[in-house]
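Here is the structure we will look at, set down as structure tokens.
Reminder, nothing fancy here: chain letters follow the sequence lines and each chain counts from 1.
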Protein chains: 2
Amino acid sequence: MSSSRQESLIDRCKHHGLRITGQRRVILEVLDASDDHPDVEELHRRVSAIEPGVNIATVYRTMNKLAEQGLIERHQFDDGRLRYEPAPEEHHDHFINVETGEVIEFRSDEIEDLQEEIARKYGFEIVSHKLELYVRRRKGH
Amino acid sequence: MSSSRQESLIDRCKHHGLRITGQRRVILEVLDASDDHPDVEELHRRVSAIEPGVNIATVYRTMNKLAEQGLIERHQFDDGRLRYEPAPEEHHDHFINVETGEVIEFRSDEIEDLQEEIARKYGFEIVSHKLELYVRRRKGH
DNA sequence: ATTGCAAGTGCAATGCATTCGCATTTATAA
DNA sequence: TTATAAATGCGAATGCATTGCACTTGCAAT
């Protein structure tokens, strides 16, 4: 499971007034079981493996609805596709391994603090932010 | 001019073996005179004001060629469109004012250093990175 | 100055991810 | 059980960006 969360995505959807249909149940299960940052096509592939016949437009619409409710997070890395992950308890940023495409999460309180400080210095308050480090494995490490 | 640079974009193009056509000259002038982060449509609009009849596909192709040569930088903020700026001497990051859409550049050596340090800790080396702070003006400041 | 040709351009067509219109089905509250 | 708003399937439409092809042009070699 992606993150140890008290409440399942399904329950959280119910509490947000979303209907739990057969397909939605499967989509939510797939999301809950995803540790990575799949795009819609990949999600559709995983859903179809469990329950064939779900239209990809349904996956798109469901992702939009969930993101609207803040139940999932939407990312767009350099390949331009929209990718999703269940909303994390705590904000984190991402490494993207440019050689493998793999996405790794990390968190740095120092960086978070520095961002706040810089924004304040400019007279801004941060609404959200995005930090992506495109990296490769260091040789000999 | 966007950044005080010794050499004009036109000269840099010549040195990279790119032909300076009539349209390209105009496109490069527009780029050089841009202080913001225009997308292709906006660039096309500015170019057309000087020299009508330049096809937007030409702007797209020119941007790709320039980016290939590292003469301009390509960005993609949350609206998903590709935006461009003349390649800066020194790397910087961006505030995006969510209320106005305005893009403001900033630079922080501390953040740059922290990123390196974190990447190293994970066994990575940074190829490139992207830090975008979506902000709004603070009230009463 | 002339010429040859690779590079650049216009235009329309195409690609690709995502959204939408509309008819049909379904979850849920009454 | 029923009413109805929400969800779905399907194909068409959208938006941004790229490409194929015929035509033009910059520029290096003559």
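Protein atom OH of A:Y60 is 15 Å distant from nucleotide atom P of D:dG9, rounded to whole Å. One can place CD1 of A:I10 at 11 Å from P of C:dT28, the figure rounded to the nearest angstrom. Computed from coordinates, the A:M63 CE to D:dT8 C1' distance equals 14 Å when rounded to whole Å. Remark: C1' of C:dG8 and CZ of B:R25 are 14 Å apart, rounded to the nearest angstrom. Distance CG (A:L43) to P (C:dT18): 11 Å, rounded to an integer number of Å. Atom CD1 of B:I27 is separated from atom P of C:dG8 by 11 Å (rounded to the nearest Å). What separates NE2 of A:H44 from P of C:dA17 is a distance of 14 Å, to the nearest Å. One can place CD of B:Q23 at 13 Å from C1' of C:dC11, the figure rounded to the nearest angstrom.
Contact annotation: side chain of A:R81 to base of C:dA17, donor-acceptor pair absent below 3.5 Å. Evaluation of atom-type donor-acceptor distances gives no pair under 3.5 Å for the side chain of A:R61 against the base of D:dA7.
For the residue pair B:E105/B:H37, the side-chain donor-acceptor check at 3.5 Å is satisfied.
When distances are taken from the side chain of B:A57 to each of D:dG9, D:dC27, C:dC11, the shortest belongs to C:dC11. Among D:dA6, C:dT19, D:dT18, the nucleotide with an atom closest to any side-chain atom of B:N64 is D:dT18. Closest approach to the B:R19 side chain among C:dA6, C:dT9, C:dT18 is made by C:dA6 (side chain taken as heavy atoms from C-beta onward). Of all nucleotides listed (C:dT19, C:dC11, C:dT18), C:dC11 comes nearest to the side chain of B:N55. Which of D:dA7, D:dT25, C:dT19 sits closest to the side chain of A:R24 comes down to D:dA7.
When each of B:L18 and A:G17 is assigned the nucleotide of DNA chain D with its nearest heavy atom, A:G17 is the one assigned upstream, toward the 5' end. Residue-to-nucleotide proximity on DNA chain D shows that, of B:R83 and B:K14, the 5′-proximal contact is made by B:R83. Each of A:Q76 and A:T21 has a nearest nucleotide on DNA chain C; the 5'-most of these lies closest to A:Q76.
In this structure, B:F77 has its ring center under 6.0 Å from that of B:H94.
As judged by a 4.0 angstrom heavy-atom cut-off over every strand, A:I56 is placed among residues making no nucleic acid contact.
Using a 4.0 Å cut-off between charged nitrogen and carboxylate oxygen, B:E99 and B:R137 do not count as a salt-bridge pair. Between A:K130 and B:E132 there is a salt bridge, since a side-chain N of the basic residue sits under 4.0 Å from a carboxylate O of the acidic one.
In this structure a side-chain-to-backbone donor-acceptor pair under 3.5 Å is missing from A:R136 to B:F124.
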